[in-house]
Trainee: 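One structure follows; several queries about it will come next.
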Amino acid sequence: MVKQALEQALQKALQTLLVDHPDSMPPVVLNRPKQKDHGDYAANIAMPLARILKRSPQQIAASILETVIWPDAVEHAEIAGPGFINIRLKQASEASVLKTIIATGAQYGRVDVNSQASANDLHKNSQQKINLEFVSANPTGPMHVGHGRGAVVGDALANVLIAVGHDVQREYYINDAGAQIAVLANSVWLRMQELQGEKIVLPAAAYPGEYIIQIASDILTTHDYHGLLEMPADARVKLIGQLSIAANMAMIRADLAAIGINFDHYFSEQSLHQGGHVTALIEQLQADGVVYTGTLPPPKGKEVSDYKPVEQLLFRSTEFGDDVDRPLAKQDGTATYFAADIAYHFDKHQRGFDRMIDIWGADHGGYVTRVQAAMKALIQRDSQPDVMLVQMVNLTRDGKPVKMSKRAGTFVTLREVVDEVGADAVRFNFMTRRVESQLDFDLQAAKEKNNENPVYYVQYAHARIGAILRKARDAGIDAQLIEGFDLEAIDLSMLNAAEEQALIANVLAYPDALKKAAERLEPYRVATYIMRLAADFHSFYHKNKVVSDDAALTAARIVLIRAVRQVINNGLSILGVSAPDRM
RNA sequence: GCGCCUGUAGCUCAGCUGGAUAGAGCAACGGACUUCUAAUCCGUAGGCCGCAGGUUCGAAUCCUGCCAGGCGCGCCA
């Protein structure tokens, strides 16, 4: 590509200039300037060199320009402002990307791991086997809207990472162990008794939702009530617990499928306990000398009336950067959730992943340090897992907050929202913001088909291109031009209107946008990128007619909009949003 | 009290591993449909980038301290 050629040319010039300072060579980075009259690319490389060479940035930039041998595509380069090198390219050199995009289609922007051409590509060596864990909602009820945000972001991130050549496994950790499962089983059992005509009192700790009644009713159709009644309580709780988990997971999977998300792997917490992995892990930590029996101080910052000092098995997480040591076993000797979670992450490591990425809700933020501390102790690796904390979703309708109380059973499920506004609107809207920002999601606005709702804006651009191409077909234009791939003969040099240039520059930037999204684990970048591209297209559309009497110009513009359509399509497919041909 | 996240236009947000004149959408105001889809576009107006210091040739961006909001802080998961 042109950009790499420019960077290499500058790099070479710098090597000549920096012979006396071989170690202090800063990397050459080219930017697309915001101002059009600042050229097609700008390099700020002279500025950081000012200190090293003890000369002014302008002087250094002048030296670079004297030394550099530009590739053919460069028309002009000049020094500007405090020491930028602004580079302007020859007109046709960038437009040729349009043909490349059409030729490569869905592959445009992606790294082709198998291609021979990329044998010496950096990506070949940096390809990672990544485990991406997300959602992991408890199997005690339906997914709520907050889970949905994590789900959508995780799925898109997986797509982004795969697109740049990584090997990604999507994983869901099922918290199917612990006290909550007993609560679930008891809640279901109570409802079963109720369905059998017994009078029941639902304790405050029980799950109140309607779905519990549904599960209870389903179990009654497959299991004999009196048989269950006569079972020992332990066995009954265990059985109903398993059935309820299965029912909830089926519901969760269906909810996920409704927004187009499928996991490669579901990992059960129970399996860790049953396989003895949690005990084995604690033993290993003991052997490493990072476990002791001790007493934790009372928690800070909230009223604790019933605090009693208790001896527990503790992990020395303070040795690995945590504030306080963390318990591995409860008072009754059973393993904590934390212990199982360490075993889980250790298991991921043993499965051979180069990298683990976890997507958690913000309410688990306090948990990051201790898991990373444990991984540091176990596998001597820092910042594993790499945790993305997704901030809360504030659900509103017409600007008024929607009550979200799980306890009262009034929380809005993800499924309800998807059914109301559609999967595309949910997915796109959840991905237009950085995960660090809280997200305001308005049910009414998500249904509006206007400029406030970015999903329709982008899809409309795609559909509009479809309409133009249909029009072109009706006008009798050669089908080869509209849907074929033999476009060598088309002259693109007349695409020099400002809107056309902007579109070309924009589609050219797609691979970089994707790469940046992958590097920084920020899939929202793909969403903002295509919003920008769609805006440029709508703007182009209003000022320039594609199908006209000028056959040569019509041909060039058809190539342009086909390329734009392809890039919008590729971006939307990363986000898991549909790209309709007509709306 | 401590930890993490956030604070940018009236509202919702981009821009944050330092670069040129801080950008979008909504709302406001004024325009554009006999034309390839107006679910769109064009224009006007709107900014102590939370506050105060510091580092730097250069700070919305990095550092420190404060202020405000969100999340969390025993053997719940």
Side-chain angles (χ1 to χ4, degrees), chain A residues 31 33-35 38 42 44 47-48 50-51 56-57 80-84 86 136 138 140 175 177-181 183 269 296-302 304 306-310 312-314 322-324 326-338 340-341 361-369 389-392 394 399 432-440 442 445 448-457 459-461 463-472 474-475 519-520 524-525 528 531-532 534-535 537-548 557 561 582-583:
Chain A
N31 293 310
K34 290 173 209 155
Q35 297 289 118
H38 290 156
N44 69 346
M47 264 95 90
R51 206 164 323 152
S56 79
F84 292 97
N86 290 342
S136 299
N138 285 345
T140 54
N175 299 131
Q180 56 173 348
I181 300 306
V183 173
E269 182 188 352
L296 286 175
K300 300 265 196 320
K302 66 177 193 184
V304 181
D306 61 340
Y307 172 77
K308 287 194 200 88
V310 165
Q312 292 174 281
L313 208 53
L314 300 174
D322 203 354
D323 298 333
V324 61
R326 306 290 177 177
L328 295 167
K330 303 179 203 167
Q331 198 175 355
D332 64 8
T334 61
T336 58
Y337 176 79
F338 174 54
D341 209 13
D363 54 344
H364 288 64
Y367 207 73
V368 177
T369 317
L389 291 176
V390 179
Q391 295 295 319
M392 295 181 45
N394 299 315
T432 52
R433 305 213 189 321
R434 300 157 63 223
V435 294
E436 293 90 346
S437 297
Q438 289 186 31
L439 177 76
D440 293 332
D442 193 280
E448 303 279 332
K449 295 177 176 175
N450 58 28
N451 221 334
E452 197 164 0
N453 196 354
V455 63
Y456 294 111
Y457 184 82
Q459 289 180 325
Y460 186 50
R464 253 185 171 169
I465 294 172
I468 298 172
L469 294 178
R470 283 192 292 276
K471 162 88 180 180
D474 292 347
E519 278 166 9
R520 304 192 184 184
Y524 79 92
R525 286 179 182 280
T528 48
M531 283 159 72
R532 176 65 200 272
F537 171 74
H538 286 309
S539 186
F540 159 82
Y541 172 88
H542 276 273
K543 287 187 186 165
N544 306 280
K545 205 151 165 64
V546 173
V547 181
S548 68
R557 284 183 173 161
I561 65 168
R582 56 177 89 226
M583 288 171 71

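Everything quoted here is computed from the prediction, not taken from an experiment.
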Trainee: With C1' as the reference atom in both, quote the distance from B/rC66 to B/rC26 in angstrom, rounded to an integer.
Mentor: 34 Å
Trainee: Let's go through A/R433 and A/Q391 carefully: what are the C-alpha distance in whole Å and the side-chain angles of both, what is the deciding distance for side chain to side chain contact (heavy atoms under 4.5 Å, CB included) to 0.1 Å, and is it a yes or a no?
Mentor: CA-CA 10 Å; A/R433 305 213 189 321; A/Q391 295 295 319; over 6 Å; no
Trainee: When Watson-Crick pairs (N1 to N3 and N6-O4 or O6-N4) and G-U wobble pairs (N1-O2 and O6-N3) count only below 3.5 Å on both distances, what is the dot-bracket string of RNA chain B, with | for other-strand pairs?
Mentor: (((((((..((((.....[...)))).(((((.......))))).....(((((..]....))))))))))))....
Trainee: So which nucleotide from B/rC36, B/rG74, B/rU37 ends up closest to the side chain of A/R582?
Mentor: B/rU37
Trainee: Given side chains that start at C-beta, do those of A/T140 and A/V183 come closer than 4.5 Å, heavy atoms only?
Mentor: no
Trainee: Nearest heavy-atom pair of A/N175 and A/S136: which atoms, and what distance?
Mentor: OD1-O, 3.8 Å
Trainee: Looking for any heavy atom pair under 4.0 Å, which part of the strands does A/Q331 touch: base, sugar-phosphate only, or nothing?
Mentor: base
Trainee: Kindly give the heavy-atom pair with the smallest separation between A/E269 and A/A340, and that separation in Å.
Mentor: OE2-CB, 3.6 Å
Trainee: Considering only heavy atoms and no angle criterion, is a donor-acceptor pair shorter than 3.5 Å present between the side chain of A/R433 and the base of B/rU12?
Mentor: no
Trainee: Taking the nucleotide of RNA chain B with the closest heavy atom to each, which residue, A/A463 or A/A535, is nearer the 5' end?
Mentor: A/A463
Trainee: Enter the distance from A/D323:CG to A/T369:OG1 here, rounded to the nearest 0.5 Å.
Mentor: 7.0 Å
Trainee: Rounding to the closest angstrom, what is the interatomic distance between B/rC63 and B/rU17 at atom C1'?
Mentor: 15 Å
Trainee: Please give the distance between the P atoms of B/rU6 and B/rG50 as a whole number of Å.
Mentor: 13 Å
Trainee: Considering only side-chain heavy atoms of A/Y456, which listed nucleotide, B/rA39, B/rC5, B/rU37, is closest?
Mentor: B/rA39
Trainee: Measure the distance from CG on A/N544 to P on B/rC41 and round it to the nearest whole Å.
Mentor: 15 Å
Trainee: Report the distance from atom NZ of A/K545 to atom C1' of B/rC36, rounded to the nearest whole Å.
Mentor: 5 Å
Trainee: Side chain of A/M392: nearest nucleotide among B/rA77, B/rC36, B/rC71?
Mentor: B/rC71
Trainee: Round to a whole Å and report the spacing from NE2 of A/H542 to C1' of B/rC33.
Mentor: 9 Å
Trainee: With respect to the phosphate group of B/rC41, does any side-chain polar atom (N or O) of A/Y457 fall under 4.0 Å of OP1 or OP2?
Mentor: yes
Trainee: Tell me which nucleotide among B/rG70, B/rC16, B/rC2 gets nearest to the side chain of A/R525.
Mentor: B/rC16
Trainee: Within the 4.5 Å heavy-atom criterion, are A/Y541 and A/I561 side-chain neighbours or not?
Mentor: no
Trainee: Classify the nucleic acid contact of A/Q459 as base, sugar-phosphate or nothing, counting any heavy atom under 4.0 Å across all strands shown.
Mentor: nothing
Trainee: Scan A/A362 against the nucleic acid and name what it touches under 4.0 Å (heavy atoms): base, sugar-phosphate only, or nothing.
Mentor: sugar-phosphate
Trainee: Side chain of A/K330: nearest nucleotide among B/rC75, B/rU40, B/rG19?
Mentor: B/rC75
Trainee: Return the minimal non-hydrogen interatomic distance between A/A475 and A/V547, and the atom names on each side.
Mentor: CB-CG1, 4.2 Å
Trainee: Given the C1' atoms of B/rA45 and B/rC2, what is the spacing between them in whole Å?
Mentor: 46 Å
Trainee: Is the glycosidic torsion of B/rC33 within 90° of 0, making it syn, or is it anti?
Mentor: syn
Trainee: What's the closest nucleotide to the side chain of A/S437 if the choices are B/rC13, B/rC41, B/rU37?
Mentor: B/rC13
Trainee: Just compare B/rU12, B/rA38, B/rC41 and give me whichever is closest to any side-chain atom of A/D440.
Mentor: B/rU12
Trainee: How long is the straight-line distance from CG of A/N138 back to CD of A/Q180, given to the nearest 0.5 Å?
Mentor: 4.0 Å
Trainee: If I take atom CZ in residue A/R434 and atom C1' in nucleotide B/rU8, what distance separates them, rounded to the nearest angstrom?
Mentor: 12 Å
Trainee: Among B/rG70, B/rU37, B/rU17, which nucleotide has an atom closest to any side-chain atom of A/R470?
Mentor: B/rU37
Trainee: What's the gap between B/rA20 and B/rG10 when it is taken at their P atoms, as a whole Å value?
Mentor: 23 Å
Trainee: Please classify the nucleic acid contact of A/A177 as base, sugar-phosphate, or nothing, using heavy-atom distances under 4.0 Å.
Mentor: sugar-phosphate
Trainee: Measure from the side chain of A/K543, starting at C-beta and using heavy atoms only, and say which of B/rC42, B/rC16, B/rA77 lies closest.
Mentor: B/rC42
Trainee: Starting the side chain at C-beta, find the nucleotide from B/rA39, B/rC75, B/rG19 nearest to A/M583.
Mentor: B/rA39
Trainee: Say you draw a straight line from CZ of A/R434 to CZ of A/R525; how long is it, rounded to the nearest 0.5 Å?
Mentor: 8.5 Å
Trainee: When you compare B/rA24 with B/rU44, how far apart are their P atoms, in angstrom units rounded to a whole number?
Mentor: 11 Å
Trainee: Is there a side-chain contact between A/R470 and A/I468 (heavy atoms, below 4.5 Å)?
Mentor: no
Trainee: So which protein N/O to nucleotides 20-22 of chain B N/O distances come out below 3.5 Å?
Mentor:
unit_1 : atom_1 : unit_2 : atom_2 : d
B/rA20 : N6     : A/N86  : OD1    : 2.9
B/rA20 : N1     : A/N86  : OD1    : 3.3
B/rA20 : N1     : A/N86  : ND2    : 3.1
B/rU21 : O4     : A/Q35  : NE2    : 3.3

Trainee: Please report the C-alpha distance between A/L389 and A/Y367 in whole Å, then the side-chain angles of each, then the deciding distance to 0.1 Å, and finally whether the side chain to side chain contact (heavy atoms under 4.5 Å, CB included) criterion is met.
Mentor: CA-CA 11 Å; A/L389 291 176; A/Y367 207 73; over 6 Å; no
Trainee: For B/rG15, does either OP1 or OP2 sit under 4.0 Å from a side-chain N or O belonging to A/Y524?
Mentor: yes
Trainee: Please measure how far the C1' atom in B/rG54 lies from the corresponding atom in B/rG18, and state the result in whole Å.
Mentor: 15 Å
Trainee: Could you state the atom-to-atom distance from CZ of A/R520 to C1' of B/rG15 in whole Å?
Mentor: 11 Å
Trainee: Just checking A/K471: base, sugar-phosphate only, or nothing, at a heavy-atom cut-off of under 4.0 Å?
Mentor: sugar-phosphate
Trainee: Say we look at B/rG31 and B/rG70: how far apart would their P atoms be, to the nearest angstrom?
Mentor: 44 Å
Trainee: Can you see if the side chain of A/Y337 gets near the phosphate of B/rC75 - specifically, an N or O under 4.0 Å from OP1 or OP2?
Mentor: no
Trainee: Looking at every strand, decide which applies to A/Y367 at a 4.0 Å heavy-atom threshold: base, sugar-phosphate, or nothing.
Mentor: base
Trainee: Using a 6.0 Å distance limit plus a 45 degree cone around the ring axis, check whether A/R464 lies over the aromatic ring of A/F537.
Mentor: no
Trainee: Rounded to the nearest angstrom, tell me the gap between atom CE in A/M531 and atom P in B/rC13.
Mentor: 13 Å
Trainee: For A/D323 and B/rG72, what is the distance between atoms CG and P respectively, to the nearest whole Å?
Mentor: 17 Å
Trainee: Which heavy-atom pair separates A/A42 from A/N86 by the least distance, and what is that distance?
Mentor: CB-OD1, 3.4 Å
Trainee: Answer with base, sugar-phosphate or nothing: what part of the nucleic acid does A/D363 contact at a heavy-atom distance below 4.0 Å?
Mentor: sugar-phosphate
Trainee: Reading RNA chain B from 5' onward, which residue's closest nucleotide shows up sooner: A/T369 or A/V547?
Mentor: A/T369
Trainee: Measure from CD on A/E436 to P on B/rC13 and round the result to the nearest Å.
Mentor: 13 Å
